[in-house]
Amino acid sequence: MASFIGLSASQSQFLYRCSLPISSPAFISSSVHLKKQAPVRRLLVLPIKCSSSGPSQDTESEAETTSVPSSSSFSSSLASSNSTYNWRAGIGAVGIIETAYLTYLKLSGSDAFCPLGGGSCGDVLNSDYAFIFGVSLPLLGLIAYGFVTTLSLQLSAKNLPFGINETTGRLLLLGSTTSMATASAYFLYILSTKFAGTSCSYCVVSALLSFSLFFVSLKDVGLQEVQKVVGLQVCIASLVFATLSTSYSNLPSAPSSQANIDLPYFTTEITKESSPFALSLARHLHSIGAKMYGAFWCSHCLEQKEMFGREAAKLLDYIECFPDGYKTGTKMIKACADANLEGFPTWVINGQVLSGEMELEKLAEVSGFQFNE
């Protein structure tokens with residue numbers, strides 16, 4: 001019997017692509033016949049070349065195409081995370097600058113230079129509420145902002161200490177910013193109730209920074225992860241609230257009386273005798289229209305007048321911003337409000353604004369005064 005070797009049509013189409021070679025097929029001669037037997041049929045042998053079919057290549061191509069969006073999505077997510085860390089580090093750096101300045105003032109015993117708006121922020125910064133169990137509040141804020149900034153930079157650089165992974169680092173930031181936002185909300189409540197009518201720009205700025213860090217951390221962690229640790233956040237907020245309440249529970253009630261300040265106008269006598277230099281400088285400042293803005297209750301204004309002495313102080317163009325006394329909510333007179341003062345005393349000399357106490361030599365230099373004995 002004759003035998004054949006062949007391929008089914010379906011197999012040849014799906015598994016392989018086959019083609020005949022250019023050379024002629026080899027045939028085995030069929031001229032030989034056996035005696036008394038039918039001619040033997042010989043098998044036709046065809047050399048076949050096979051190559052991988054299209055579907056396999058298409059599958060690889062699809063896999064490569066699918067991997068491109070995945071890689072792009074990962075890169076986009078990584079860039080977004082780094083951007084969030086950098087934003088948080090930037091906000092924390094601003095907080096470090098502010099709290100470092102206030103800490104320096106505390107350590108040096110200096111008064112903060114405060115914008116005005118119905119009182120002085122020095123009343124707040126120097127009050128008993130500026131301490132927590134005897135520790136300066138600006139110092140605690142400096143530590144908190146420093147921790148958030150440092151950890152954010154380490155997360156951005158993927159260089160976390162103590163074997164902390166990125167997820168744990170994010171949760172640490174969320175817990176830290178939760179405590180900071182809670183403390184800021186508590187202090188805003190104190191500011192509005194115990195110091196009504198008194199502005200504190202440093203307090204408001206710090207609160208805005210804390211809230212910004214908190215919301216950035218919420219966005220970074222994601223809603224699903226936040227829901228898993230919402231109980232821990234509530235515990236942290238409650239602990240901060242309880243700590244602050246305990247610290248301030250034994251404070252005297254005196255600060256609350258500042259909500260009803262009623263300070264009648266008064267004058268303070270200058271006792272120091274004026275020097276020839278101070279007299280000449282005062283006459284010169286008057287001649288060029290230099291003005292000194294102040295308040296009757298301002299100790300720095302009194303010290304500035306003492307530098308000039310009794311006779312020279314009377315020659316200065318001094319503008320009292322609260323001539324009718326001060327009560328809670330009292331506004332400065334129009335001349336002071338129009339000058340956009342940032343503190344007392346303030347000098348305006350030849351269009352140049354000088355804030356705070358000034359040495360007489362500095363005033364002479366700015367005004368172009370030359371003393372001729």
Side-chain angles (χ1 to χ4, degrees), residues 102 105 109-130 187-205 251-274 278 282 285-286 289-349 353-358 360 363:
L102 295 178
L105 294 180
S110 305
D111 293 328
F113 189 73
C114 308
L116 297 177
S120 171
C121 63
D123 297 336
V124 181
L125 299 175
N126 296 323
S127 69
D128 292 331
Y129 288 95
F187 291 128
L188 288 179
Y189 167 76
I190 294 295
L191 183 64
S192 62
T193 56
K194 304 296 184 180
F195 300 92
T198 300
S199 67
C200 179
S201 56
Y202 298 105
C203 307
V204 175
V205 169
L251 290 182
S253 59
S256 62
S257 64
Q258 295 186 16
N260 298 310
I261 297 177
D262 186 357
L263 188 62
Y265 176 78
F266 61 86
T267 59
T268 303
E269 182 181 0
I270 307 298
T271 58
K272 179 182 176 181
E273 184 177 352
S274 300
L285 292 173
H286 176 75
K291 292 180 174 57
M292 173 185 170
Y293 297 86
F296 66 94
W297 43 261
C298 170
S299 60
H300 297 289
C301 301
L302 178 60
E303 292 172 1
Q304 183 72 86
K305 293 177 181 179
E306 285 284 356
M307 291 183 186
F308 280 91
R310 183 174 56 252
E311 297 80 12
K314 296 177 181 179
L315 301 176
L316 299 174
D317 288 333
Y318 172 75
I319 299 177
E320 172 60 52
C321 293
F322 299 94
D324 299 324
Y326 178 79
K327 294 182 180 180
T328 301
T330 300
K331 302 298 182 181
M332 296 181 292
I333 63 173
K334 189 176 185 303
C336 296
D338 292 343
N340 296 320
L341 305 179
E342 294 183 349
F344 293 143
T346 295
W347 288 90
V348 178
I349 304 175
V353 179
L354 303 174
S355 298
E357 296 177 46
M358 294 289 145
L360 299 187
L363 293 173

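Sequential numbering from 1 along the given sequence is applied to the chain's residues.
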| task | Given side-chain contact (heavy atoms from CB on, under 4.5 Å), test Phe322 with Met332 step by step and report yes or no. | result | CA-CA 6 Å; Phe322 299 94; Met332 296 181 292; 3.4 Å; yes

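- Residue Glu357 comes nearest to Glu303 through the heavy atom pair OE2-OE1, 2.6 Å, listed as atom of the first residue, atom of the second, then distance.
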| message | Using side-chain contact (heavy atoms from CB on, under 4.5 Å), reason through Val124 and Tyr129 one step at a time and then give a plain yes or no. | response | CA-CA 7 Å; Val124 181; Tyr129 288 95; 6.0 Å; no

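- Residue Tyr189 places its OH atom among 12 or fewer non-hydrogen atoms of other residues, nucleotides or ligands, all under 6.0 Å distant.
- Taking CG from Leu354 and CE from Met292, the interatomic distance works out to 12.0 Å, rounded to the nearest 0.5 Å.
- The cationic group of Lys305 lies under 6.0 Å from the six-membered ring centre of Tyr318 and within 45° of the ring axis, placing it in a cation-pi geometry.
- To the nearest 0.5 angstrom, Thr346 atom OG1 is 5.0 Å from Leu341 atom CG.
- A donor-acceptor pair is defined here as one N or O able to donate and one able to accept, closer than 3.5 Å; such a pair exists between the side chain of Ser274 and the backbone of Phe308.
- Here CH2 of Trp297 is found 9.0 Å from CG of Leu263. Values are rounded to the nearest 0.5 Å.
- Nearest heavy-atom pair, Trp347 versus Gly356, reported as atom, atom and distance to 0.1 Å: CD1-O, 4.3 Å.
- Distance check: Ile270 CD1 to Met307 CE gives 11.5 Å after rounding to the nearest 0.5 Å.
- Atom NZ of residue Lys194 and atom CG of residue Asp128 lie 12.0 Å apart, to the nearest 0.5 angstrom.
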| Asp317/Leu285 under side-chain contact (heavy atoms from CB on, under 4.5 Å): CA gap, chis, key distance, verdict | CA-CA 8 Å; Asp317 288 333; Leu285 292 173; over 6 Å; no

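- Contact of the Glu306 side chain with the Thr271 side chain is registered, since non-hydrogen atoms from C-beta on lie closer than 4.5 Å.
- In plain terms, the two heavy atoms of Ala282 and Ala312 that are nearest each other are CB-O, 3.5 Å.
- Results of the side-chain contact (heavy atoms from CB on, under 4.5 Å) test with Cys321 over Tyr293, Phe296, Tyr326 single out Tyr293 as the only residue that passes.
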